[in-house]
Asker: 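The structure under discussion is supplied below as structure tokens; questions concerning it will follow.
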Amino acid sequence: MGDSREALVEHLVFLAELGVPGLSAARSWRERPGEAPEPLAAPALEPAAPAAAGEAAAGNGPAAALDAIRDELGPDCDRCKLHRLGRRQVVFGVGSPSARLMFVGEAPGRDEDAQGIPFVGRAGQLLTKMIEAMGYRREDVYIANVIKCRPPENRNPMPDEVAACEPFLFRQVEAIRPVVIVALGTFAAQALLKTMDSISKLRGRVFTYGGARLVPTFHPAYLLRSPERKRDAWEDLKKAKALLEQDAGPSAEM
Ligand code: URA
């Protein structure tokens with residue numbers, strides 16, 4: 001009881017920080033720690049299971065396509081200098097191969113480099129809360145970065161590193177075919193939109209990337225430093241959610 005009460009208080013405080021008033025009927029608000037979540041009502045973030053299972057068995061679905069991209073990238077990629085600058089492992093991506101919502105970040109940090117999973121450090125914890133505030137679960141979306149190896153001292157990715165690695169991100173998007181992409185921060189938005197504009201200039205608008213709608217917003221690490229921008233980020237996430245719901249039809253519950 002104590003734990004769920006604390007979790008609820010934490011959730012309310014976080015939503016208040018994001019500028020969300022009142023309570024929500026979203027599924028994530030109704031689940032208690034330790035309780036099995038209800039299955040998502042279709043159409044949800046993932047397509048219906050039979051099609052996905054059939055495709056996977058045939059080896060031509062998004063999961064198989066992602067496996068092929070991961071294999072081609074390889075565990076010891078040396079396409080840029082980051083392989084000799086202290087990275088421990090290639091951090092490919094995580095989540096549902098058939099996700100309708102995809103988040104793209106910049107590059108792995110120390111925690112991600114250690115665990116081999118994107119967004120697991122402090123910024124990752126904030127991203128998880130943002131996903132849950134939208135009413136979704138982290139495992140139902142897909143999360144990847146523009147570059148797959150940690151830059152030393154968490155410096156910004158360099159143009160040659162982005163150029164060597166971004167084709168793999170583009171192919172991940174092609175494999176997953178999300179309905180909506182949320183680009184987290186300047187590097188993700190610039191790589192996907194082929195622009196030099198900063199995230200402050202890009203956010204607040206909706207773009208197109210291939211067949212997907214692209215919503216740029218602030219990077220969670222920036223939001224940790226500048227919490228006053230969380231309200232803007234929440235507006236962007238609401239826009240992303242509305243686009244997903246529009247695509248799924250007016251009666252969809254997500
Ligand atoms: N920041 C990113 O851009 N990606 C991660 O995976 C973690 C932090």
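Start at 1 and go down the list; that is how both ligands and their atoms are numbered. Source: prediction; values computed, not measured.
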Asker: Between Asp113 and Arg87, is the closest basic N to carboxylate O distance under 4.0 Å?
Answerer: no

Asker: Number the atoms of ligand 1 from 1 as they appear, then name those within less than 4.0 Å of a heavy atom of His219, with their elements.
Answerer: 1 (N), 2 (C), 3 (O)

Asker: Looking only at protein heavy atoms, which one is nearest to atom 4 (N) of ligand 1, and what is the separation?
Answerer: Asn145 OD1, 2.8 Å

Asker: Please name all residues satisfying ring-ring contact (aromatic ring centres under 6.0 Å, His included) with Phe92, sequence neighbours left out, ordered by chain then number.
Answerer: none

Asker: May I have all residue pairs that pass salt bridge (charged side-chain N to carboxylate O under 4.0 Å, His left out) and include part of residues 164-177, sequence neighbours excluded?
Answerer: Glu72-Arg171, Glu166-Lys194

Asker: So if I count the atoms of ligand 1 from 1 in the order they appear, which ones are less than 4.0 Å from some heavy atom of Gly105?
Answerer: 3 (O)

Asker: Can a donor-acceptor pair be found between the side chains of Arg203 and Thr217 at a distance below 3.5 Å?
Answerer: no

Asker: Going by distance alone, is a donor N or O of one side chain under 3.5 Å from an acceptor N or O of the other, for Gln89 and Lys148?
Answerer: no

Asker: May I ask you to decide whether Glu161 forms a salt bridge with Lys81, counting only side-chain N to carboxylate O separations under 4.0 Å?
Answerer: yes

Asker: Out of all atoms in ligand 1, which are within 4.0 Å of some heavy atom of Pro118? Include the element for each.
Answerer: 6 (O)

Asker: For Ala107, is at least one N or O under 3.5 Å away from an N or O on ligand 1?
Answerer: yes

Asker: Does any N or O of ligand 1 fall below 3.5 Å from an N or O anywhere on Gly109, backbone included?
Answerer: no

Asker: Heavy-atom distance to atom 3 (O) of ligand 1: which of Glu106, Arg122, Glu112, Arg110 wins?
Answerer: Glu106

